Amino acid sequence: MQAIWKKYSYAIILFTLTLCFGFASLILFSDEEHAYKEIKVEDGDSLWSIAHHYSDEKNMSIDEFISWVQTKNQLKSNVIKAGDEIVIPVEVNNDINTQTFKSELALNGN
């Protein structure tokens, strides 16, 4: 056993470190798409109005929120249309009632 260790110790250590790094990367950098809320854009919605409503929940500025939504949804501009479905950086289990959002928009005139 010692002969094998002396001969292959570097390879064994490198393999072990690679394996550990691989598992750590999977855990740390995995982006579970299903963990984020997908919303259907309604008439009058804009990225700004959606970001204004939800950005505090993620401790993001409105600009950061809009940038995240554009990147995640592969939007070429910040224009969205009624009927579009977009993913927003709000975890499903922390979701705010959509009806509340629509009511607040109506009250604020947005």
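None of these values were measured; they are calculated from a predicted model. The basis for the numbers below is simple: all heavy atoms, side chains too, and nothing from hydrogens, waters or symmetry mates.
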Undergrad: If you compare all heavy atoms of Glu64 against all heavy atoms of Met60, which two are closest, and at what distance to 0.1 Å?
TA: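 For Glu64 and Met60, the tightest heavy-atom pair comes out as OE1-CA, 3.4 Å.
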Undergrad: Roughly how far apart are Leu75 CG and Ile86 CD1, rounded to 0.5 Å?
TA: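 Answer rounded to 0.5 Å: 7.0 Å.
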Undergrad: When rounded to the nearest 0.5 angstrom, what is the spacing between CD1 in Ile13 and CH2 in Trp5?
TA: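 Here the interatomic distance stands at 4.0 Å.
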Undergrad: Would a distance-only check, ignoring hydrogens and angles, find a side-chain to backbone donor-acceptor pair under 3.5 Å from Thr71 to Ser67?
TA: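 Yes, the answer is positive, given that a donor and an acceptor are paired below the 3.5 Å cut-off.
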Undergrad: Considering non-hydrogen atoms only, spot the tightest contact between Glu85 and Asn73 and give its length.
TA: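 Scanning both residues completely, I find the closest heavy atoms to be O-OD1, 4.4 Å.
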Undergrad: Hey, does Val41 have a side-chain heavy atom less than 4.5 Å from the side chain of Lys81?
TA: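 Lys81 vs Val41: side chains apart.
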Undergrad: Between Ile88 and Tyr36, what is the shortest heavy-atom contact and its length?
TA: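 Residues Ile88 and Tyr36, closest heavy atoms: O-CB, 3.4 Å.
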Undergrad: If you count the non-hydrogen atoms of other residues, nucleotides and ligands that lie under 6.0 Å from CD1 in Ile4, is the total more than 12?
TA: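 Incorrect, the count does not exceed 12.
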Undergrad: Nearest heavy-atom pair of Ser49 and Gly44: which atoms, and what distance?
TA: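 In this case the closest contact between Ser49 and Gly44 is OG-O, 4.5 Å.
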Undergrad: Heavy atoms only: give me the nearest Ile80-Ser46 pair and the separation to one decimal.
TA: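 Looks like CD1-C, 3.7 Å.
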Undergrad: Going from CG on Leu19 to CG on Leu14, what distance comes out if it is rounded to the nearest 0.5 angstrom?
TA: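 So the CG of Leu19 and the CG of Leu14 are separated by 11.0 Å.
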Undergrad: Report the distance from atom CD1 of Ile62 to atom CH2 of Trp48, rounding to the nearest 0.5 Å.
TA: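 It comes to 5.0 Å.
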Undergrad: For the residue pair Asp45 and Lys40, what are the closest heavy atoms and their distance?
TA: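 Taking Asp45 first and Lys40 second, the nearest heavy atoms are OD2-O, 4.3 Å.
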Undergrad: Working to the nearest 0.5 angstrom, can you tell me the gap between Ile66 CD1 and Asn78 CG?
TA: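 Going from CD1 on Ile66 over to CG on Asn78, the span is 6.5 Å.
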